[in-house]
Q: 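Sharing a structure, written as structure tokens. Questions coming.
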Amino acid sequence: METGGLPLELWRVILAYLHLPDLGRCSLVCRAWYELILSLDSTRWRQLCLGCTECRHPNWPNQPDVEPESWREAFKQHYLASKTWTKNALDLESSICFSLFRRKRERRTLNVGPGHEFDSLGSALAMASLYDRIVLFPGVYEEQGEIILKVPVEIVGQGKLGEVALLASIDQHCSTTRVCNLVFMPAWFSPIMYKTTSGHIQFDNCNFENGHIQVHGPGTCQVKFCTFKNTHVFLHNVPLCMLENCEFVGSENNSVTVEGHPSADKNWAYKYLLGLIKSSPILLPAEDNEFLMSLDLESRDQAWSPRTCDIVIEGSQSPTSPASSSPKPDSKTGSQEAEVGSDGERVAQTPESSDGGLSPSGEDEDDEQLMYRLSYQVQGPRPVLGGSFLGPPLPGASIQLPSCLVLNSLHQELQKDKEAMALASSVQGCLIRKCLFRDGKGGVFVCSYGRAKMEGNIFRNLTYAVRCIHNSKIVMLRNDIYRCRASGIFLRLEGGGLIAGNNIYHNAEAGVDIRKKSNPLILCNQIHHGLRSGIVVLGNGKGVIRNNQIFSNKEAGIYILYHGNPVVSGNHIFKGRAAGIAVNENGKGLITENVIRENQWGGVDIRRGGVPVLRSNLICFGYSDGVVVGDEGKGLIEGNTIYANKGCGVWMMSSSLPHVTSNHVSYNGLYGVAVFSQKDGSGEFPGGHGAQENFSEDGDAILWETELEKEDDPLRRPVTVALVESNSINHNGASGLFVQSSEALQVVTNVIHANGDRGIIIVQSSQLTRVTNNSISCNRQSGVKVEAQCKVELRGNGIYDNRGHGIITKGDSTAVVENDIIGNRGSGLQLLPRSDTKVLKNRIHSFRAYGIAVRGRAKALVQENIIFQGKTNKTIFQQITNNRECIMQNNKFLVFKKKSDTWRLVNPPARPHLENSVRGSSGSHSGQKVTAMATRITARVEGGYHSNRSIFCTIL
């Protein structure tokens with residue numbers, strides 16, 4: 001446009017008065033005029049779009065207050081809708097006449113209404129020709145018989161929507177028809193308002209009330225901007241149908257039923273609809289900054305972020321902070337000597353060193369007093385998740401998650417998973433897009449090999465949103481499903497498909513319910529604030545549940561039972577009012593690389609025949625225990641980081657034969673691992689353990705048990721005794737391992753370090769508990785304590801630098817064989833009255849106390865041990881002189897003679913020896929296994945002040 005002309009603002013004012021044909025002509029003048037016409041989008045194009053009686057707001061019904069990206073483009077789509085229904089005609093402007101002489105003809109307009117040429121729709125159709133336009137003027141038209149459409153026509157209501165009502169039953173036999181701006185009601189003789197079996201029907205801006213619409217394949221339909229009030233749309237074997245921007249209200253049954261496999265026969269409209277779908281913008285998101293938001297522990301109840309990069313610890317007291325778990329030193333005495341309790345246990349008062357190690361030497365030692373000091377170093381294995389979980393949880397601190405636990409956006413997941421991308425891009429059967437389903441019984445029902453795709457819809461205040469059964473497949477993208485009176489999405493009888501990017505919340509039952517061999521892919525959804533569980537899998541249901549956020553549900557975030565066997569990976573499950581994941585009633589599942597945090601009950605709860613594989617998860621900040629293995633629970637618990645839960649790290653029953661291996665259990669408020677027995681009265685589960693949901697739909701849930709699914713699982717290794725193996729158990733508030741069990745137990749190759757009470761305490765063990773090849777170091781009290789009437793074998797362990805005794809036992813059948821008990825604050829080994837102990841081939845050293853102390857009438861066989869002297873004024877061995885039940889044979893006592901003396905742990909090297917121990921099934925988790933030991937301990941005399949460093953024993 002010439003610069004000497006009128007200002008652009010004035011041109012826009014002038015052009016705003018032009019009608020549509022004039023705007024089109026002006027846009028053809030030149031490039032400048034074309035751009036000027038486009039610039040009228042928010043003014044003239046908006047007026048044209050909203051002023052058309054046949055048009056509704058482009059974002060109706062879900063977002064009527066949101067402006068479209070382009071009003072011109074929205075008006076263009078409305079305008080073209082009246083043209084595209086005739087695309088099958090080869091020559092619309094020619095009549096069928098002589099092949100050489102074709103005369104041009106125009107479409108007629110037939111007017112129906114009072115004062116016009118026709119008084120009923122039936123009479124106008126009798127006179128209509130191909131593609132004529134029939135206009136119904138305001139009024140109510142009731143047809144007394146069924147109308148048969150034999151020629152393609154367009155039926156349009158004149159005036160505003162609602163001014164023209166049609167009570168009729170129409171059966172379409174022609175190739176195509178368009179109906180616009182009408183209110184449909186059923187005739188008195190049939191509930192079917194419209195039916196087609198082979199042709200294409202296009203509904204635009206219509207209302208349907210209290211009737212049925214049926215489309216049978218190879219027939220097709222395109223429905224836009226329509227309202228369905230208590231109306232059922234039935235689609236049978238349709239190859240392709242489109243329902244866009246529609247509202248379904250008050251249905252007494254399903255609003256839309258898609259039944260049968262898409263027909264192989266296709267009419268002319270199939271290619272047209274397929275091209276229209278591919279050319280329209282899809283709802284799959286491009287990656288942008290909003291998917292990189294972080295989620296802290298104060299997760300917003302109403303707003304959720306699709307991606308979690310770090311965790312911020314709340315400002316409450318840590319469950320293992322010094323204020324809650326560390327005994328305070330006595331300021332009056334100022335003594336850092338170990339205090340002796342009533343049972344002979346030494347309780348240290350020395351403050352912890354920076355790494356949880358404890359200095360065995362007091363700072364107020366007399367200068368003249370000599371001590372044999374062994375220089376060695378202790379270090380626990382690193383957790384699988386790196387440095388963020390090595391230290392204590394500090395209020396307000398941010399914990400960075402490793403990349404394997406960070407949620408991906410839906411775009412990233414689809415790029416990685418080609419099968420999911422193929423499902424998301426597929427179009428078959430029925431496409432339902434940007435519709436609103438509300439205030440009725442059911443939303444969409446897909447059955448008998450049906451196919452349906454749902455994008456950007458809202459389902460609210462229904463009994464259920466979507467049901468998929470009988471080998472049907474659904475694709476659900478970016479839908480909102482909330483306030484359903486039952487489950488939001490329900491799959492059964494081998495239903496499947498893709499459920500991705502949906503927001504599912506505030507439903508009365510489960511957000512997603514998977515049963516009877518259904519196998520969907522559930523990806524990148526937000527499932528939250530449900531009145532029961534987030535997802536339930538039962539009755540041989542399967543599925544892949546990946547990369548979802550599941551939070552603030554009243555019951556378990558994911559509930560697996562009755563032979564359900566899903567793959568659960570990469571999810572963030574948090575702030576639930578019950579367990580994060582519950583596996584009950586013979587449920588299975590592979591549960592891997594999830595972040596399970598801040599749940600009221602156990603992070604993972606396994607009981608009543610549940611047998612999952614729980615691997616490489618982060619289970620943290622729970623208000624109860626990290627993992628609970630209750631009555632008859634089984635499974636493999638491997639390679640998990642169980643961190644900063646207020647209860648125990650792992651709470652389990654030995655009778656259930658769990659296999660707990662290669663886990664990092666640290667900074668939990670109570671025990672690191674607690675082992676109970678079904679027979680010892682531990683059936684009262686803490687925190688509501690054992691609560692059960694009723695997932696029956698048509699009867700009792702127990703019926704699902706009849707559907708057994710027998711298969712060998714290569715991920716599980718047969719276990720005949722409860723096994724705690726190759727774990728790192730450190731810095732927990734109470735003892736590292738607590739045992740109160742009447743069944744056998746094996747504790748093998750664990751690192752039990754710097755816990756707030758004892759390393760291991762065994763208070764009941766009527767059958768043999770084997771403690772083999774463990775490193776037990778730097779715990780606040782004794783390394784191992786065995787109570788009366790317990791059967792325990794301690795073999796091949798390294799017990800170093802504990803504040804109390806190395807081992808203290810009251811057990812009536814205890815074997816202490818081939819252990820290294822070095823550098824503990826109290827005695828190396830203390831045998832209490834009425835104990836019966838065999839002490840064979842150990843190496844024992846204590847800094848301040850005796851190597852072995854026998855209290856009262858303890859029965860013992862002490863044979864072939866090497867015992868090092870600690871202080872010069874302490875004897876190596878102490879017992880009552882007249883105790884004939886303590887037998888000493890072939891022991892070697894090493895007493896300090898001169899400064900140059902050096903003692904080495906050789907033949908064998910320092911324990912534990914892991915190369916000969918039972919190995920865990922996951923050798924890949926080498927970061928959690930102890931791989932090397934120091935091979936030398938040097939003894940030397942230090943006079944005066946010694947180094948203030950802690951004394952450690954290298955095990956890694």
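What you are looking at is a predicted structure, and each value in this text was computed from that prediction instead of being measured.
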Q: Please say whether more than 12 non-hydrogen atoms of neighbouring residues, nucleotides or ligands are located less than 6.0 Å from CD in Glu419.
A: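 Atom CD in Glu419 is not packed in, count stays at 12 or less.
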Q: Pick one: which of Phe437, Tyr482, Tyr464 meets ring pair (Phe, Tyr, Trp, His ring centres under 6.0 Å) with Phe459?
A: Phe437
Q: Are Ile148 and Glu146 close enough, and set up right, to give a side chain to side chain contact (heavy atoms under 4.5 Å, CB included), and what steps lead you there?
A: CA-CA 6 Å; Ile148 307 297; Glu146 186 179 47; 3.8 Å; yes
Q: So, for Ser472 and Ile469, which heavy atoms are closest and what is the spacing to 0.1 Å?
A: OG-O, 2.7 Å
Q: Write down the atom of Val258, the atom of Cys430, and the distance for their closest heavy-atom approach.
A: CG2-CB, 3.9 Å
Q: Short question: side chain of Asn548, backbone of Ile527 - any donor-acceptor pair under 3.5 Å?
A: no
Q: Below 4.5 Å, heavy atoms only, C-beta onward: do Asp171 and His173 meet side chain to side chain?
A: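 Asp171 reaches His173 side chain to side chain.
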Q: With a cut-off of 6.0 Å (strictly less than), are more than 12 heavy atoms of other residues, nucleotides or ligands near CD of Glu67?
A: yes
Q: Sort and list the pairs that fulfil salt bridge (Lys or Arg N to Asp or Glu O under 4.0 Å) and have at least one residue in residues 209-234, not counting sequence neighbours.
A: none
Q: Taking the side chain from Asn502 and the backbone from Asn525, do they hold a donor-acceptor pair closer than 3.5 Å?
A: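 It does not hold such a pair.
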Q: Find the distance between CD1 (Ile277) and CG (Leu431) and round it off to the nearest 0.5 Å.
A: 5.0 Å
Q: Is the shortest side-chain heavy-atom distance between Leu491 and Val512 below 4.5 Å?
A: yes
Q: Can you list every pair that meets salt bridge (Lys or Arg N to Asp or Glu O under 4.0 Å) and has a residue in residues 248-275, with sequence neighbours left out?
A: none
Q: Is there side-chain contact between Arg107 and Glu154, with at least one heavy-atom pair below 4.5 Å?
A: yes
Q: Looking only at atom types and distance, does a side-chain atom of Asn59 sit under 3.5 Å from a main-chain N or O of Val66, one as donor and one as acceptor?
A: yes
Q: Using residues 439-451 as the side-chain source, report each donor-acceptor pair under 3.5 Å to any protein atom, sequence neighbours left out, with the distance given to one decimal.
A:
residue, atom, partner, partner atom, Å
Asp439, OD1, Asn461, ND2, 3.4
Arg451, NH1, Tyr449, O, 3.0

Q: Is the backbone N or O of Asn210 less than 3.5 Å from a side-chain atom of Thr231, with the two atoms forming a donor-acceptor pair by type?
A: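 The answer is yes, because a donor-acceptor pair under 3.5 Å joins these two groups.
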Q: Considering all heavy atoms of both residues, which atom of Asn205 and which atom of Asn181 are nearest to each other, and what is their separation?
A: ND2-OD1, 3.0 Å
Q: Ignoring hydrogens and geometry, is there a side-chain-to-backbone donor-acceptor pair from Arg515 to Gly539 under 3.5 Å?
A: no
Q: For Phe228 and Val223: C-alpha separation, side-chain torsions, deciding distance, then whether side chain to side chain contact (heavy atoms under 4.5 Å, CB included) applies.
A: CA-CA 11 Å; Phe228 297 84; Val223 185; 3.7 Å; yes
Q: Please name the pair of heavy atoms, one in Leu273 and one in Met242, separated by the smallest distance, quoted to 0.1 Å.
A: CD2-SD, 4.0 Å
Q: To the nearest 0.5 Å, what is the distance between CD (Glu143) and CD1 (Ile170)?
A: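 Taking CD in Glu143 and CD1 in Ile170, the distance rounds to 8.0 Å.
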Q: Side-chain contact test, heavy atoms from C-beta onward, threshold under 4.5 Å: evaluate it for Leu498 versus Leu477 and give yes or no.
A: yes
Q: For Thr257 versus His232, what's the shortest heavy-atom pair and its separation?
A: OG1-NE2, 2.7 Å
Q: Is the shortest side-chain N to carboxylate O distance from Arg532 to Glu555 below 4.0 Å?
A: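 A salt bridge links Arg532 with Glu555.
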Q: For the residue pair Thr220 and His200, confirm or rule out a side-chain donor-acceptor distance under 3.5 Å.
A: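 Yes, a side-chain donor-acceptor pair sits under 3.5 Å.
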Q: Between Ser518 and Ile514, is there a donor-acceptor pair closer than 3.5 Å when you use the side chain of the first and the backbone of the second?
A: no
Q: Rounded to the nearest 0.5 Å, how far does CG of Leu182 lie from CG of Leu121?
A: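 So the gap between those two atoms works out to 8.5 Å.
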Q: Answer yes or no: is there an ion pair linking Lys434 with Glu244, defined by an N-O contact shorter than 4.0 Å?
A: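 So Lys434 does not pair with Glu244 through a salt bridge.
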Q: Mind checking what makes side-chain hydrogen bond (donor to acceptor under 3.5 Å, both in side chains) contact with Gln158, not counting sequence neighbours?
A: none
Q: How about Leu414 and Leu523: do any of their side-chain heavy atoms sit closer than 4.5 Å?
A: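 When only atoms from C-beta onward are counted, Leu523 and Leu414 do touch, with a gap below 4.5 Å.
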Q: Can you list everything that forms a side-chain hydrogen bond (donor to acceptor under 3.5 Å, both in side chains) with Ser120? Sequence neighbours excluded, please.
A: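 Checked Ser120 against side-chain hydrogen bond (donor to acceptor under 3.5 Å, both in side chains); matches are Ser123.
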Q: Using ring centroids (six-membered ring only for Trp), state whether Phe203 and Tyr194 fall under 6.0 Å.
A: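 For Tyr194 and Phe203, the ring centres are under 6.0 Å apart.
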Q: Below 4.5 Å, heavy atoms only, C-beta onward: do Thr176 and Tyr131 meet side chain to side chain?
A: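 Thr176 reaches Tyr131 side chain to side chain.
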Q: Taking Pro262's backbone N and O only, do any of them form a donor-acceptor pair with Asn237's side chain (distance below 3.5 Å, no angle check)?
A: no
Q: Any donor and acceptor pair, going by atom type alone, linking the side chain of Asn267 with main-chain N or O of Pro218 inside 3.5 Å?
A: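 Pair found, side chain donor or acceptor close to backbone of Pro218.
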Q: Please name all residues satisfying side-chain hydrogen bond (donor to acceptor under 3.5 Å, both in side chains) with Glu117, sequence neighbours left out, ordered by chain then number.
A: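 Result, side-chain hydrogen bond (donor to acceptor under 3.5 Å, both in side chains) vs Glu117: none returned.
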Q: What is the distance from atom CZ of Arg492 to atom NZ of Lys517, rounded to the nearest 0.5 Å?
A: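 Here the rounded value is 13.5 Å.
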Q: Please identify which of these residues, Asn457, Ile481, Ile432, meets the side chain to side chain contact (heavy atoms under 4.5 Å, CB included) condition with Met476.
A: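 Answer after filtering Asn457, Ile481, Ile432: Ile481.
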Q: Answer whether the closest heavy-atom distance between the side chains of Val179 and Phe184 falls below 4.5 Å.
A: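 Yes, their side chains come closer than 4.5 Å.
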Q: Looking only at non-hydrogen atoms, find the nearest pair between Phe208 and Met193 and report the distance.
A: CB-CE, 3.8 Å
Q: With rounding to the nearest 0.5 Å, note down the distance linking CG in Leu243 to CE in Met454.
A: 11.0 Å
Q: Atom CZ of Arg467 and atom OG of Ser487: how far apart are they, to the nearest 0.5 Å?
A: 9.5 Å
Q: Should Asn479 and Val466 be marked as a side chain to side chain contact (heavy atoms under 4.5 Å, CB included) after you check the CA-CA gap, both sets of side-chain angles, and the distance that decides it?
A: CA-CA 11 Å; Asn479 302 281; Val466 178; over 6 Å; no
Q: Tell me, with the steps shown, if Glu509 and Phe490 meet side chain to side chain contact (heavy atoms under 4.5 Å, CB included).
A: CA-CA 10 Å; Glu509 297 288 341; Phe490 189 83; over 6 Å; no
Q: With heavy-atom distances below 4.5 Å as the criterion, would you say the side chains of Phe118 and Ile134 are in contact?
A: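 Not touching, per the 4.5 Å side-chain cut-off.
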Q: Gln526 and Tyr505: side-chain donor and acceptor closer than 3.5 Å?
A: no
Q: Look at the side chain of Asn62 and the backbone N and O of Cys435, then say whether any donor-acceptor pair between them is shorter than 3.5 Å.
A: yes
Q: Within the distance-only criterion (no hydrogens, no angle test), does the side chain of Ser533 pair as donor or acceptor with the backbone N or O of Val536 below 3.5 angstrom?
A: no
